[in-house]
Amino acid sequence: MAASSSSWLVRAVGRSLISGLCNNADGLRRSTHEMMCNHLLFQQQRTFIQMRTSLKVVDNSGAKRVACIQALKGKKGARLGDTIVCSVKEAQPGGKVKKGEVHYGVVVRAAMPRGRCDGSEVKFDDNAVVLINKHGEPIGTRVFGPVPHELRKKKHVKILSLAEHIA
């Protein structure tokens with residue numbers, strides 16, 4: 001009885017200290033499987049901004065939240081700097097934009113990582129958009145929060161000039 005309990009203790013301590021690198025191949029396989037499951041549970045999959053994605057509005061146009069109807073370029077969806085067609089889901093009373101209206105928007109923050117030329121990546125905690133009119137001019141007069149400098153390449157210089165912080 002004492003020999004079996006001590007071998008169990010050695011296996012339990014060895015598994016916890018060395019993450020399953022004991023002599024037992026089954027224990028190694030089990031611990032690797034457990035590590036992969038834990039990694040997948042804590043890792044959230046980040047995807048393109050696609051149809052029905054809810055986005056935060058970061059200008060003072062009067063809208064609070066919008067839903068993406070269509071990404072204008074690309075099959076998969078929109079990324080940073082892309083233009084989308086969106087419908088206003090929540091709006092402030094007395095704003096320029098009303099609930100249910102359809103507008104164009106520029107994605108200024110996206111949770112999906114985007115690689116830069118220097119090898120770094122930029123990603124944000126939320127998905128955010130600035131509403132624009134048909135001519136590409138922002139509806140609001142202020143832009144809140146950080147905005148990536150990649151918008152300059154996409155010809156959205158007016159949004160960059162209204163932004164508080166350029167990331």
- Identify the two heavy atoms, one from A71 and one from A78, that lie closest to each other, and give their separation to 0.1 Å. CB-N, 3.7 Å

For residues 91-101, run the donor-acceptor check on the side chains, cut-off 3.5 Å, and write out each pair with its distance to 0.1 Å, sequence neighbours left out.
residue	atom	partner	partner atom	Å
K96	NZ	I139	O	3.1
K98	NZ	G95	O	2.9
E101	OE1	K98	N	3.3
E101	OE1	H103	NE2	2.9

- Answer whether the closest heavy-atom distance between the side chains of K154 and T83 falls below 4.5 Å. no

- Message: Do D82 and L72 make a side-chain contact, defined as non-hydrogen atoms from C-beta onward lying under 4.5 Å apart?
- Response: no

- Query: Does a side-chain heavy-atom distance below 4.5 Å link L55 with I84?
  - Reply: yes

- Mind checking whether V102 and V107 sit in one hydrophobic cluster, side chains of I, L, V, M, F, W, Y counted as touching below 4.5 Å? no

- Message: Measuring only between side-chain heavy atoms, which start at C-beta, is F124 closer than 4.5 Å to V108?
- Response: no

- Is the number of heavy atoms from other residues, nucleotides or ligands within 6.0 Å of CZ (F144) greater than 12? yes

What donor-acceptor contacts under 3.5 angstrom involve side-chain atoms of residues 157-167, with partners at least two apart or in another chain?
residue	atom	partner	partner atom	Å
S161	OG	K158	O	2.7
E164	OE1	G145	N	3.4

- Message: Quick test of your reading: applying side chain to side chain donor-acceptor pair (under 3.5 Å), list the pairs with at least one residue in residues 60-73, sequence neighbours left out, ordered by first then second residue.
- Response: S54-R65, D59-S61, N60-T141

- Query: With R79, which residues qualify under salt bridge (Lys or Arg N to Asp or Glu O under 4.0 Å), at least two apart?
  - Reply: none

- Query: With the 4.5 Å side-chain cut-off for hydrophobic clustering, are V143 and I49 part of the same group?
  - Reply: no

- Nearest heavy-atom contact between L80 and A110 is CD2-N, 3.6 Å

- Any side-chain heavy atom of P148 sitting closer than 4.5 Å to one from R114? no

Please output the side-chain donor-acceptor pairs of residues 127-135 that fall under 3.5 Å, not counting sequence neighbours, one pair per line with the distance.
residue	atom	partner	partner atom	Å
N127	OD1	A111	N	2.9
N133	OD1	H135	N	3.1
N133	OD1	G136	N	3.1
N133	OD1	E137	N	2.9
N133	ND2	E137	OE1	3.4

- Query: How about R142: does its CZ atom have over 12 heavy atoms from other parts shown lying under 6.0 Å from it?
  - Reply: no

- Query: According to a 4.5 Å side-chain heavy-atom criterion applied to Ile, Leu, Val, Met, Phe, Trp and Tyr, with indirect links allowed, do V106 and V66 form part of one hydrophobic cluster?
  - Reply: no

- Message: Taking salt bridge (Lys or Arg N to Asp or Glu O under 4.0 Å) as the definition, give me every residue that meets it alongside R152, ordered by chain and number, with sequence neighbours left out.
- Response: none

